[in-house]
Structures are given as structure tokens and as C-alpha cells.
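Here's the structure we're looking at; comments come further down.
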Number of protein chains: 2
Amino acid sequence: MFELDLRSRAPVYEQLVEKIKELIINNVLKPDQQLPAVRVLASELTINPNTIQKAYRALEQRGYIYSVPGRGSFVKPAVPGNNMARLRALETELVKTVSEMRYLGVPPQEIITRIKMQLSEDEGGKLDD
Amino acid sequence: MFELDLRSRAPVYEQLVEKIKELIINNVLKPDQQLPAVRVLASELTINPNTIQKAYRALEQRGYIYSVPGRGSFVKPAVPGNNMARLRALETELVKTVSEMRYLGVPPQEIITRIKMQLSEDEGGKLDD
DNA sequence: TAACTGTATTAATTTAATTAGTACAGTTAG
DNA sequence: CTAACTGTACTAATTAAATTAATACAGTTA
């Protein structure tokens with residue numbers, strides 16, 4: 001289900017968090033869908049169950065999944081306008097990324113174009129001013 | 001000159017790299033401007049000179065500064081279209097950030113607007129289609 | 001020459017991630 | 001009811017990385 005880079009400086013549990021978050025955001029894992037059990041995923045990835053639990057706990061704290069003792073862990077349906085702290089962080093991230101692209105010589109026009117392409121893949125929304 | 005968070009899980013030298021990179025990108029530190037000497041910055045921040053050197057070495061490897069033994073470390077003038085690997089990483093980052101903003105309920109229009117605002121702060125370029 | 005620069009090296013310490021092993025309580029299908 | 005699953009908790013040992021410490025060397029500069 002996942003691929004890990006054990007040589008990376010990023011902790012395995014953080015890599016897991018990022019991979020799973022990505023699957024949720026891109027709707028590969030659907031709302032209320034059950035995630036692999038801690039022990040199952042651990043044996044699949046040949047790592048310790050404690051590491052999986054640490055990742056799941058982090059995902060729960062960040063609002064991406066919920067866990068029910070005895071039943072399992074599930075994808076938490078997104079509540080629009082809920083995670084304001086995360087939105088602020090993303091805004092900051094966006095500013096930094098765009099600044100660095102400008103610094104590296106990417107024309108503003110191209111940056112806008114790229115983002116519009118990305119947004120139009122999601123849904124056929126109207127993006128023209 | 002800098003502020004560090006010793007409680008952060010991010011290594012001090014990586015925090016330094018990010019802060020200095022930001023100052024270079026935002027043109028606070030000008031091209032060929034000299035950076036604080038390793039020992040000077042170390043005593044200012046009350047951390048070990050080796051940690052500063054590690055940060056400077058990383059910045060040099062990533063193409064943001066250059067160091068001359070005996071003379072000092074300096075801001076490396078940007079060469080547009082040079083750092084393609086970094087550009088690809090930024091593109092990926094941008095896609096991820098935008099995806100998550102969409103996931104959290106931000107309308108596409110607003111994302112575009114925010115980025116245009118950010119870009120117009122840099123220079124009075126023409127951004128309208 | 002004296003005082004500055006970056007750089008290198010080795011050892012000790014500190015901290016975090018990871019593994020290992022075990023245990024407990026809630027859930028569920030047979 | 002029971003067996004097999006679930007998440008969760010806890011302690012101890014190990015591993016890996018960051019950081020500090022203490023020197024040392026060579027190039028630069030006033």
C-alpha cells in the first residue's frame with residue numbers, strides 16, 4: 001500500500017503520515033473508509049506496530065482520521081472551514097514556495113498558469129477573471 | 001540576526017538554513033554580501049561553531065552561498081534557470097499545497113487571488129489574462 | 001605579525017526514533 | 001460464550017543523528 005524510504009532523514013512515522021494524508025486529500029481513501037489495522041500494516045511494511053500507531057495518533061491529532069478502540073481507524077470526513085490553523089500554515093507555505101520560484105527565475109505568468117492547470121484537474125470550475 | 005526554536009524537532013542547522021535562505025530569496029541579504037563569520041554567529045546565537053559551519057556547508061551545496069577560506073562566506077548571485085532540481089521540488093510542493101487547500105474547502109478563485117496578491121507585491125508586473 | 005577567515009577532525013554527550021515484548025479492554029463473527 | 005480481531009498503553013533496550021567540545025591548520029588582510 002505504501003513505499004517507505006528508510007534512508008531518509010525524515011522519521012518513518014512522519015513519512016507514513018504524509019503518504020496517508022496525501023491519499024486522503026486526493027480522495028484515494030474515501031471518507032469513513034477503514035485503514036489497515038496497526039498490526040497488519042506493520043507486518044506489510046516490516047516495521048514495528050508502535051511506529052504505525054504513532055503515525056495514526058498523529059493523523060488523528062491533525063484531524064485526518066478517527067480511531068475507535070476495538071473497531072479500527074477510519075478516514076475522517078472533511079469539514080470545510082474547520083482547520084483554520086492548518087490553513088494559515090498552508091498560506092505561509094504557499095507564499096514561501098511562490099517567492100522561491102520567483103527567485104529562481106520563473107515568470108509570474110507561468111506560476112499562475114501552473115496553478116490554474118492544477119486546479120482545473122480537480123473539477124471543471126471557472127477560473128477566468 | 002536570527003531567532004531559533006531549540007524545542008523544535010527540526011535540527012538547529014536546518015532552521016538556520018531555512019532562515020538564511022529566506023533572507024536571500026527576499027533580497028534582505030544582497031548578492032555577494034558577506035555573511036557573519038562562523039564563530040561570530042555562533043557566539044551571537046550561543047551555539048557551537050560546528051553547527052553554523054554545517055548550515056553554511058548545506059547552503060553552499062544547495063547553491064545559495066559560496067565560501068572562500070580566509071575571506072568569508074557570501075551570498076551567491078542567483079542564476080535564472082540554473083537550479084532545475086529545486087524547481088521540480090517546488091512544483092511538487094506547490095501542487096501538494098494547493099491540493100490540501102482545496103481539500104480544506106478554499107475556493108479555487110480565492111487561491112488564485114491570493115497568489116496574484118503575493119506576486120504583485122514583488123513587482124508591478126501584469127498578471128491579468 | 002597578529003587577528004581574522006573557512007575548514008577538518010576526533011571524542012563525548014544528548015536527544016529522538018525505533019524496536020521489542022507484553023498487557024488490557026472494546027468489538028465482532030461463529 | 002469464545003476466539004480472533006481491533007486500538008491503546010507501557011517499559012526497556014537499541015540505534016541513529018544532532019550537538020557540543022576542544023584543537024588544529026591554512027589562507028587572508030590590515
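Lettering follows sequence order; numbering is per chain, from 1. For the numbers below, each heavy atom of this structure counts, side chains included, while hydrogens, waters and symmetry mates do not.
A:D32 and A:Y66 share a donor-acceptor pair across their side chains, judged by distance under 3.5 Å alone. Side chains of A:E22 and B:S99: no donor on one and acceptor on the other come within 3.5 Å.
Comparing A:R39 and A:K54 along DNA chain C, the residue whose closest nucleotide (by nearest heavy atom) sits nearer the 5' end is A:K54. Nucleotides of DNA chain D nearest to B:V12 and A:Q53 differ in position, and the one nearer the 5' end is that of A:Q53. Toward the 5′ end of DNA chain D lies the nearest nucleotide of A:V38, the other residue of the pair A:V38 and B:A10 mapping further downstream. Between B:G72 and A:T46, the residue anchored closer to the 5' end of DNA chain C is B:G72, taking for each the nucleotide with the nearest heavy atom.
Between the CG atom of B:L6 and the C1' atom of D:dA18 there is a distance of 12 Å, given to the nearest Å. The distance between atom CG of B:N48 and atom C1' of C:dT7, rounded to the nearest whole Å, is 14 Å. Atoms CD (A:Q61) and P (D:dT8) sit 11 Å apart, rounded to a whole Å. A straight line from OH of A:Y66 to C1' of D:dT8 spans 18 Å, rounded to a whole angstrom. Following rounding to the nearest Å, A:L35 (CG) and D:dC5 (P) show an atom-to-atom distance of 19 Å. Separating the CZ atom of A:R9 from the P atom of C:dA16 is a distance of 19 Å, rounded to the nearest angstrom. Straight-line distance from the CZ atom of B:R57 to the C1' atom of C:dT9: 11 Å, rounded to whole Å. A straight line from CZ of B:R7 to C1' of D:dA18 spans 18 Å, rounded to a whole angstrom.
Using a cutoff of 4.0 Å between basic side-chain nitrogens and carboxylate oxygens, A:K96 and B:E93 are not scored as salt-bridged. The pair A:K116-A:E110 fails the salt-bridge criterion, with no side-chain N (NZ, NE, NH1 or NH2) lying under 4.0 Å from an Asp/Glu carboxylate O.
Checking the phosphate oxygens (OP1, OP2) of C:dT18, no side-chain nitrogen or oxygen of A:Y13 falls inside 4.0 Å. Residue A:Y56 has no polar side-chain atom (N or O) positioned under 4.0 Å from OP1 or OP2 of D:dG7. Distances shorter than 4.0 Å separate none of the side-chain N or O atoms of A:R71 from OP1 or OP2 on D:dG7. The shortest distance between the side-chain N/O atoms of B:S67 and the OP1/OP2 oxygens of C:dT5 is not below 4.0 Å. Residue A:T51 has no polar side-chain atom (N or O) positioned under 4.0 Å from OP1 or OP2 of C:dA17.
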Problem - A:K76/A:E60 under side chain to side chain contact (heavy atoms under 4.5 Å, CB included): CA gap, chis, key distance, verdict - result: CA-CA 9 Å; A:K76 185 170 179 178; A:E60 188 165 22; over 6 Å; no
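Picking from C:dT18, C:dA20, C:dT7 the nucleotide with the shortest atom distance to the side chain of A:N50 gives C:dA20. Nearest to the side-chain atoms of A:I47 among the listed nucleotides D:dA22, D:dT8, C:dT19 stands C:dT19.
Nucleotide D:dA22 has C:dT9 as its partner under the Watson-Crick or G-U criteria, with both atom distances under 3.5 Å. Pair assignment for C:dT22 gives D:dA9, based on Watson-Crick or G-U wobble hydrogen-bonding distances that are each under 3.5 Å.
Here the closest heavy-atom approach between residue B:L41 and residue B:P36 is recorded as CB-CB, 4.0 Å.
B:E14 comes within 4.0 angstrom of no nucleic acid atom, judged by non-hydrogen atoms across all strands. Among the protein residues, A:Q34 comes within range of no part of the nucleic acid, since none of its heavy atoms lies under 4.0 Å from any strand.
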